[in-house]
Peer 1: 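My questions all concern the structure below.
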Protein chains: 2
Amino acid sequence: MSATEDAATAMGSTPLSVAQTRIVTAALTLFEQHGVSGTSLQMIADAVGVTKAAVYHQFRTKEAIVVAAVEMELGRLEEALDAADASGRDQRAVETLLTQVIDLAVGRRRMVSTLQHDPVIARLLAEHKPFQQFMERFFRAMLGGKNDPTARLRVAMLASAIGGAVTHPLVTDFDDATLRTELIHLTRQFLEGES
Amino acid sequence: MSATEDAATAMGSTPLSVAQTRIVTAALTLFEQHGVSGTSLQMIADAVGVTKAAVYHQFRTKEAIVVAAVEMELGRLEEALDAADASGRDQRAVETLLTQVIDLAVGRRRMVSTLQHDPVIARLLAEHKPFQQFMERFFRAMLGGKNDPTARLRVAMLASAIGGAVTHPLVTDFDDATLRTELIHLTRQFLEGES
DNA sequence: GTCTATAGAATGATAGAC
DNA sequence: GTCTATCATTCTATAGAC
């Protein structure tokens, strides 16, 4: 409970103040509805209930808000990643990590798609050094020691399948618990075919 | 070859003129780089090499351009879908459709993510009647007669896995042929687990 | 930490000439 | 089919008062 309300951000950046956390939280909701480009500072300010100038006092640019938002979301993965890195690099460690990834993806459903596919965030993940390193670390853990083309494609498919399925129109009627159970089941099935 | 250059749009709408086709093609490239909201009419006009007013003469609104663009892309799926609907509703028909979907996804890599995840297009697919019906038809074909929750999640994962994998950072170094072969292989493997 | 007020550029969209 | 010119609106961002 307190972990969800914690304002600390990941990847060694300065923790957020209460006012900053309010802005980032509101921004995230708008980003998932309209995308980053489709969200103006005015919309964010209105959602928080302050003026644009107040938002600019907390973040110098719109990009700074996006960075803080991505940091906040990736921070949720960091704990799971730490545990995975500590518990070796075998198949069982990968499955434990996958379960936590699924938990996060189901719990934050609508957020995941934005994080994975918004063009602005994609560019940020590719160009911003700390994000680059974090994603490399994440994929390394998901690969569990392997690195052949088939293994890489398998991880790419798995990450996309989980992230995409949780918001897919065919699945919107699933409650979280059912979605979680079924996702774990089908994910395991996909991994069983592994050579 | 002539099929790729054909300006005809799907879903019963008016075919596009040459000028309109030029605009929609340029718009699609920009949409995949910046998203729909991140693409202005000025950017589209510049890419085509005309003024904004010339673009407005061809399409009354920006939304009309987006609709035409989505129609053009979904049109590529329509042929495969017709064949699938004609060849029954068994497991083999689904596998044939899947192969064609993979071919399309690999061939148009960067486009797929935009179509599946851009918030403006997502809203359009959900609210625009002809798109709604087309997507329903597509999912029905992919389900191959089934409709239980597990089957729906399986299709959701499959569609997301294919659409997401083709642009995934872990797979950017794959050439089209390799990506196609491996995707078909892993997709079949995923389906073999089916009960 | 928030406000009012504003600068300066870019946005979607229209009118009318060629 | 394309142009120039312009509309009202919105955008990011800043200055300065409280």
Side-chain angles (χ1 to χ4, degrees), chain A residues 5 7 9 14-70 72 114 118-121 123-124 127-128, chain B residues 5 7 9 14-70 72 114 118-121 123-124 127-128:
Chain A
E5 285 161 37
T9 53
T14 321
L16 299 180
S17 71
V18 177
Q20 285 173 326
T21 305
R22 260 199 292 266
I23 289 169
V24 170
T25 305
L28 275 168
T29 307
L30 291 165
F31 290 165
E32 69 187 41
Q33 285 167 0
H34 308 105
V36 174
S37 288
T39 302
S40 68
L41 280 169
Q42 186 64 67
M43 292 163 77
I44 297 173
D46 289 348
V48 178
V50 297
T51 62
K52 261 188 305 176
V55 174
Y56 268 110
H57 182 258
Q58 304 294 339
F59 294 97
R60 284 195 61 243
T61 63
K62 184 184 175 183
E63 170 145 332
I65 299 178
V66 180
V67 170
V70 175
M72 186 178 256
T114 306
D118 185 284
V120 175
I121 292 179
R123 186 173 43 73
L124 213 59
E127 291 170 8
H128 191 65
Chain B
E5 284 159 40
T9 54
T14 320
L16 299 180
S17 70
V18 177
Q20 285 174 326
T21 305
R22 261 199 293 266
I23 290 168
V24 170
T25 306
L28 274 169
T29 307
L30 290 165
F31 290 165
E32 70 187 42
Q33 285 168 0
H34 308 104
V36 174
S37 288
T39 301
S40 69
L41 280 169
Q42 187 63 66
M43 293 163 78
I44 297 172
D46 289 348
V48 177
V50 297
T51 62
K52 258 192 304 177
V55 174
Y56 267 110
H57 181 256
Q58 303 295 340
F59 295 96
R60 285 195 59 241
T61 63
K62 184 184 176 185
E63 171 146 329
I65 300 177
V66 181
V67 170
V70 175
M72 187 178 255
T114 306
D118 186 284
V120 175
I121 293 180
R123 186 173 43 74
L124 214 58
E127 290 170 8
H128 191 65

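Per chain, numbering begins at 1; letters A, B, ... match sequence-line order.
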Peer 1: What are the two closest heavy atoms between A/P119 and B/G35, and how far apart are they?
Peer 2: CG-N, 3.6 Å
Peer 1: Which heavy atom of A/M43 sits nearest a heavy atom of A/H34, and at what distance?
Peer 2: CE-ND1, 3.4 Å
Peer 1: Send over the distance from B/I65 CD1 to C/dT11 P, rounded to a whole Å.
Peer 2: 14 Å
Peer 1: Do you know which of B/V66, B/V120, B/L30 makes side chain to side chain contact (heavy atoms under 4.5 Å, CB included) with B/T39?
Peer 2: B/L30
Peer 1: For DNA chain D, which nucleotides open and close the run of contacts to chain B, 5' to 3', at under 4.0 angstrom from a non-hydrogen atom?
Peer 2: D/dG1 to D/dT4
Peer 1: Can you give me the closest heavy-atom contact between A/A69 and A/F31, atom names plus distance?
Peer 2: CB-CE1, 4.3 Å
Peer 1: NZ of B/K62 versus P of C/dA13: gap in Å, rounded?
Peer 2: 8 Å
Peer 1: In Å, rounded to the nearest 0.5 Å, how long is the span from CD1 of B/I65 to CG of B/L41?
Peer 2: 5.0 Å
Peer 1: Please give me every residue in residues 49-56 of chain A whose heavy atoms get under 4.0 Å of an atom in DNA chain D, ordered by residue number.
Peer 2: A/K52, A/A53, A/Y56
Peer 1: Kindly give the heavy-atom pair with the smallest separation between B/E32 and B/T114, and that separation in Å.
Peer 2: CA-OG1, 3.2 Å
Peer 1: Heavy-atom nearest nucleotide on DNA chain D for A/S40 versus A/R60: which residue maps closer to 5'?
Peer 2: A/S40
Peer 1: Grab the two heavy atoms, one from A/I23 and one from A/V55, that are nearest each other, plus how far apart they are.
Peer 2: CD1-CA, 4.0 Å
Peer 1: I need the A/D46 CG to A/S40 OG distance, nearest 0.5 Å.
Peer 2: 7.5 Å
